[in-house]
Protein chains: 2
Amino acid sequence: MASITEENYIKAIYKITEKNQGSANTNAIAAHLSTSPASVTDMLKRLSDKDYFHYEKYKGVYLTSKGIKLATDLVRRHRLWEVFLVDKLNFSWDEVHDLAEELEHIKSDDLIMKLDNFLGNPKYDPHGDPIPNADGKFTIRNQVTLLSLAKEETGVVVGVREHDTPFLQYLNELKINLGSEIKILSHIEFDHSRKVLINDEIEHVLSHKVCTNLFVKLKNHK
Amino acid sequence: MASITEENYIKAIYKITEKNQGSANTNAIAAHLSTSPASVTDMLKRLSDKDYFHYEKYKGVYLTSKGIKLATDLVRRHRLWEVFLVDKLNFSWDEVHDLAEELEHIKSDDLIMKLDNFLGNPKYDPHGDPIPNADGKFTIRNQVTLLSLAKEETGVVVGVREHDTPFLQYLNELKINLGSEIKILSHIEFDHSRKVLINDEIEHVLSHKVCTNLFVKLKNHK
DNA sequence: GAAAATATTTAGACTACCTTAAAAATATAT
DNA sequence: ATATATTTTTAAGGTAGTCTAAATATTTTC
């Protein structure tokens with residue numbers, strides 16, 4: 001059975017390989033876990049006979065199917081706990097990450113199954129991220145960033161790319177949450193920001209960066 | 001901030017001192033934590049400058065008010081999680097101890113406050129044990145063991161002394177749970193067992209030991 | 001393709017917690 | 001009050017995980 005530290009290594013490798021076409025290097029893992037590259041090398045060596053990943057000196061590391069299974073299990077647990085914290089305990093979406101980070105390490109398939117049922121088998125977490133099923137399969141959703149909407153089009157917010165607290169709190173201030181409707185009033189050429197109408201009520205300018213981080217689906221589309 | 005191991009030591013000391021008039025000895029702590037007496041001495045020495053307890057070589061250990069606060073906090077967290085597991089996730093009362101043992105170590109006052117509210121501020125856990133409030137105060141209840149009921153008296157089950165799985169599962173078989181009514185039909189002199197009527201339905205003989213472990217209040221009493 | 005920059009690994013040491021075996025202190029029994 | 005039994009502590013060492021500093025590999029640059 002994997003220790004909490006081991007689980008965190010597997011999760012870090014999973015997240016990095018998701019972005020960096022399949023392989024994770026020592027420095028990236030160290031940065032992700034706020035530890036030193038030396039510790040990572042050490043840990044990879046000690047963990048490498050547990051079959052979660054392939055590791056070759058100086059060549060980086062990639063997960064085996066066993067490692068991927070553990071990682072998606074962790075993602076599943078994390079996101080289900082986030083749903084619990086927001087839907088049942090009334091936490092806000094910017095407060096739940098660290099708690100879910102602890103809760104996800106409680107290892108009981110029965111617990112997660114019962115939690116899933118209790119929550120009504122949710123498909124997405126409070127940030128709009130898909131929750132993998134018990135087999136590790138994700139529901140894929142049609143989504144684009146707010147950037148790709150044309151003038152006069154309206155998007156319904158279905159997710160956020162970044163999860164850090166300041167960004168989510170900024171969205172709180174703008175009254176933007178999952179389900180909010182954002183209509184593009186105009187593109188501002190100069191800095192690629194967008195003038196928008198939020199929830200049919202408030203006009204606002206959203207920076208290019210904010211737009212990149214908002215996932216929407218076109219209103220009245222499928 | 002106390003580590004999980006530290007918390008478990010404090011909790012063990014608390015439980016032992018509850019029974020053994022105020023002080024816990026090395027062997028008892030070791031037995032309680034399934035570790036060696038040498039480890040306990042080692043840990044007590046290392047922990048003793050954190051002000052959770054007073055420790056004098058060969059004299060045993062007793063908690064300070066800081067230690068008692070931490071211990072009752074842990075009891076509170078443990079019992080609230082047990083309520084959650086039984087009331088919300090539909091676990092049975094014999095399945096929740098180990099999971100609560102893990103969940104109790106998640107340190108967030110906010111989490112526990114919100115969990116408490118979500119559960120409706122319960123005063124007792126699924127085994128009938130009182131849940132201390134945030135200040136560590138327990139609700140005291142009028143209760144006696146089934147042993148002290150006379151013939152023809154009826155008791156309502158409000159708690160169990162032992163929490164181990166086989167005992168609780170035996171009670172499941174007998175259809176005895178919190179709230180069950182048990183009427184004493186006769187005392188059997190030979191082995192001090194009791195012939196009883198459970199829930200107005202089933203007649204059964206309960207051993208002396210089972211009776212000692214069942215807390216009841218007299219039906220129609222306060 | 002050599003030099004410089006960067007990434008990675010090794011070496012040695014630290015902490016928290018655990019272990020067994022032996023020594024010392026305390027408690028019990030005669 | 002001494003001998004015996006029990007409890008507790010010390011000593012020495014192990015594992016998981018961490019660190020810094022130094023050594024080595026790889027990549028980038030010219």
Side-chain angles (χ1 to χ4, degrees), chain A residues 1-13 15-17 19-63 67 70 74 101-102 104-107, chain B residues 1-13 15-17 19-63 67 70 74 101-102 104-107:
Chain A
M1 184 144 297
S3 72
I4 291 177
T5 310
E6 286 171 8
E7 289 193 339
N8 284 333
Y9 270 86
I10 303 302
K11 212 172 54 149
I13 296 167
K15 286 194 179 161
I16 293 162
T17 50
K19 298 192 179 174
N20 300 16
Q21 55 263 22
S23 144
N25 59 6
T26 306
N27 271 357
I29 298 170
H32 206 280
L33 295 172
S34 305
T35 185
S36 70
S39 301
V40 173
T41 301
D42 190 65
M43 189 69 178
L44 292 181
K45 274 197 300 195
R46 279 186 292 111
L47 254 174
S48 62
D49 53 352
K50 292 201 178 178
D51 289 332
Y52 290 117
F53 51 74
H54 290 287
Y55 167 58
E56 215 181 322
K57 267 164 86 165
Y58 298 101
K59 295 288 171 55
V61 71
Y62 64 94
L63 294 178
L70 176 53
L74 282 162
E101 205 77 356
E102 296 194 56
E104 71 187 9
H105 295 295
I106 291 169
K107 280 170 274 295
Chain B
M1 183 143 298
S3 72
I4 291 177
T5 311
E6 286 171 7
E7 288 193 340
N8 285 334
Y9 269 85
I10 303 302
K11 212 173 54 151
I13 296 167
K15 286 194 179 161
I16 293 162
T17 50
K19 298 192 178 174
N20 299 17
Q21 56 263 20
S23 143
N25 60 4
T26 306
N27 270 358
I29 298 170
H32 206 281
L33 295 172
S34 306
T35 185
S36 71
S39 302
V40 173
T41 301
D42 189 63
M43 189 68 178
L44 292 181
K45 275 197 300 196
R46 280 186 293 111
L47 254 173
S48 63
D49 54 353
K50 292 202 178 177
D51 290 332
Y52 290 117
F53 51 73
H54 291 287
Y55 167 59
E56 216 181 323
K57 269 163 82 166
Y58 298 103
K59 294 289 172 54
V61 72
Y62 63 94
L63 294 179
L70 176 54
L74 282 162
E101 204 78 358
E102 297 193 56
E104 72 186 10
H105 295 296
I106 291 170
K107 279 170 275 294

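Below, chain A is the first sequence line, B the second, and so on; all start at residue 1.
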So, taking the atom named [atom1] in [X] and the one named [atom2] in [Y], what distance separates them when rounded to the nearest 0.5 Å?
X	Y	atom1	atom2	result
Thr17(A)	Asn25(A)	OG1	CG	11.0 Å
Ile10(B)	Ile29(B)	CD1	CD1	9.0 Å
Tyr52(B)	Tyr9(B)	OH	OH	15.0 Å
Ile106(A)	Ile4(A)	CD1	CD1	8.5 Å
Lys11(A)	Leu74(A)	NZ	CG	6.5 Å
Leu47(B)	Tyr55(B)	CG	OH	11.5 Å

Nucleotide range of DNA chain D lying under 4.0 Å from chain B heavy atoms: dT7(D) to dT10(D)
Residue mapping more 5' on DNA chain D - nearest nucleotide basis, Tyr58(A) or Arg46(A): Arg46(A)
Of residues 24-31 of chain A, the positions that come close to DNA chain C - non-hydrogen atoms, cut-off under 4.0 Å: Asn25(A), Thr26(A), Asn27(A)
Taking all non-hydrogen atoms of both residues, which atom of [X] and which atom of [Y] are closest, and how far apart?
X	Y	value
Leu70(A)	Ala2(A)	CD2-CB, 4.1 Å
Ile16(B)	Ser23(B)	CG2-O, 4.4 Å
Pro37(B)	Asn27(B)	CG-OD1, 3.3 Å

What integer distance in Å separates [X]:[atom1] from [N]:[atom2]?
X	N	atom1	atom2	answer
Asn8(B)	dA16(C)	CG	C1'	14 Å
Asp49(B)	dT15(C)	CG	P	14 Å
Lys59(B)	dT26(C)	NZ	C1'	10 Å

N or O in side chain of Thr35(B) less than 4.0 angstrom from dC17(C) OP1/OP2: no
Donor-acceptor pair, side chain of Lys107(B) and main chain of His105(B), under 3.5 angstrom: yes
DNA chain D contacts made by residues 36-45 of chain B, counting heavy atoms under 4.0 Å: Pro37(B), Ala38(B), Thr41(B), Lys45(B)
Heavy-atom check, side chain of Glu104(A) versus side chain of Asn8(A), under 4.5 Å: yes
